[in-house]
Amino acid sequence: MSWKKIKPEFFDQPTLELARNLLGKILVKETEEGTAAGKIVETEAYKGPGDRAAHSFGNRRTARTEVMFGPSGFTYTYVMHTHCLVNVVSGGDLNPEAVLIRAVEPVEGLELMRRRRPKARKTVDLTNGPGKLTKALGIVKADYGRPLHEPPLYIAEGRAAEEIKTGPRIGIDNSGEAREYLWRFWEAGNPFVSRFRKGID
DNA sequence: AACGGGATTCTCT
DNA sequence: GAGAATCCCGTTA
């Protein structure tokens, strides 16, 4: 399978639009074990200084958030408990924003994913969560700072989602008013979306 | 140098 | 539904 790499200019759009437009794109990781790729079906936007749920809230600039202060289109990996999460840096130079990839649908390397995720009983469990998809695709903290328009870790062209749903972000209940923002986006009805709520999807 | 909490996942009840 | 696993990072001393 050959994927068409995205143009670097793709990342130069407002973070909320980028979060929507990343749905349907392909996230590809090449390793010595082989290539694994998934269609992005769920994202969350994290907006800079004014977003209490963002690591860059209040312009907090540390070794961890440093890449968010650089240009858009680079990888922000972050370790949560025992898992690695992956973000796309957005917002442009000196504007620390990012889009979290929360779920993908496998499109290449299914067997490789199964080997990497022995605990997944069903196929959907391979990639229906932010910590799961990084394990399945082989994305690790060392990918921090890599450009997302070229191998080994890149975004490729896909097909735009037919219908996009919106809701509050997950797991940020201690973030004050920010937990109300409808900055989570997903492809309607896709079984790989991490969580469903009655009345929303 | 010590402490506390988190953008999660898995297992068991 | 609750609790553990288990670790990096930011804050405080």
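In the text below, chain A, chain B and the rest are named by the order of the sequence lines, each starting its count at 1. Predicted, not measured: the structure shown is a model, and the values here were computed from it.
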Between [N] atom [atom2] and [X] atom [atom1], what is the distance in whole Å?
X	N	atom1	atom2	value
A:R60	C:dT12	CZ	P	11 Å
A:N174	B:dG4	CG	P	16 Å
A:E42	B:dT8	CD	P	10 Å
A:R52	B:dG5	CZ	P	16 Å
A:R64	C:dG10	CZ	C1'	8 Å
A:Y46	B:dG6	OH	P	13 Å
A:R169	B:dT8	CZ	P	12 Å
A:F57	C:dT11	CZ	C1'	16 Å

Problem - Cation-pi check, A:R169 onto A:Y46 ring (under 6.0 Å, within 45° of axis) - result: yes
So if I take every side-chain heavy atom of [X] and compare against [options], which nucleotide ends up nearest?
X	options	answer
A:Y78	B:dA7, C:dA5, C:dG10	B:dA7
A:H81	C:dG10, B:dT9, C:dT6	C:dT6
A:K141	B:dT8, B:dC10, C:dC9	C:dC9
A:T62	C:dG10, B:dT9, C:dT6	C:dG10

Handout entry: Residue matched to B:dA7 through Watson-Crick or wobble contacts both under 3.5 angstrom
Key = none
Handout entry: Under 3.5 Å on both distances, the Watson-Crick or G-U partner of C:dT6
Key = none
Exam field: side chain [X] to backbone [Y], donor-acceptor pair closer than 3.5 Å:
X	Y	answer
A:K25	A:N21	yes
A:T15	A:K47	no
A:T43	A:I101	no

Problem - Residues from residues 112-126 of chain A lying under 4.0 Å of DNA chain C - heavy atoms - result: none
Completion exercise
When A:H83 and A:V79 are each assigned the nearest nucleotide of DNA chain C, the 5'-most assignment goes to A:H83
Handout entry: B:dT8 OP1/OP2 closer than 4.0 Å to side-chain N/O of A:K135
Key = no
Problem - A:F11 and its side-chain contact (heavy atoms from CB on, under 4.5 Å) partner, picked from A:V99, A:V89, A:V88 - result: A:V88
Exercise for the section: Classify the nucleic acid contact of A:L100 as base, sugar-phosphate or nothing, counting any heavy atom under 4.0 Å across all strands shown. Expected result: base
Practice task
Would you classify A:N87 as touching base, sugar-phosphate or nothing, given that sugar-phosphate means primed atoms plus P, OP1 and OP2, and contacts are heavy atoms under 4.0 Å?
Solution key: base
Handout entry: Nearest non-hydrogen partners of A:A53 and A:I172, listed with the distance
Key = CB-CD1, 3.8 Å
Practice task
Salt-bridge test for A:D125 and A:K119: reply yes if a basic N is under 4.0 Å from a carboxylate O, no otherwise.
Solution key: no
Practice task
Taking atom P in both C:dG1 and B:dA7, compute the distance separating them and give it to the nearest angstrom.
Solution key: 23 Å
Handout entry: Atom CD of A:E177 with >12 non-hydrogen neighbours under 6.0 angstrom
Key = yes
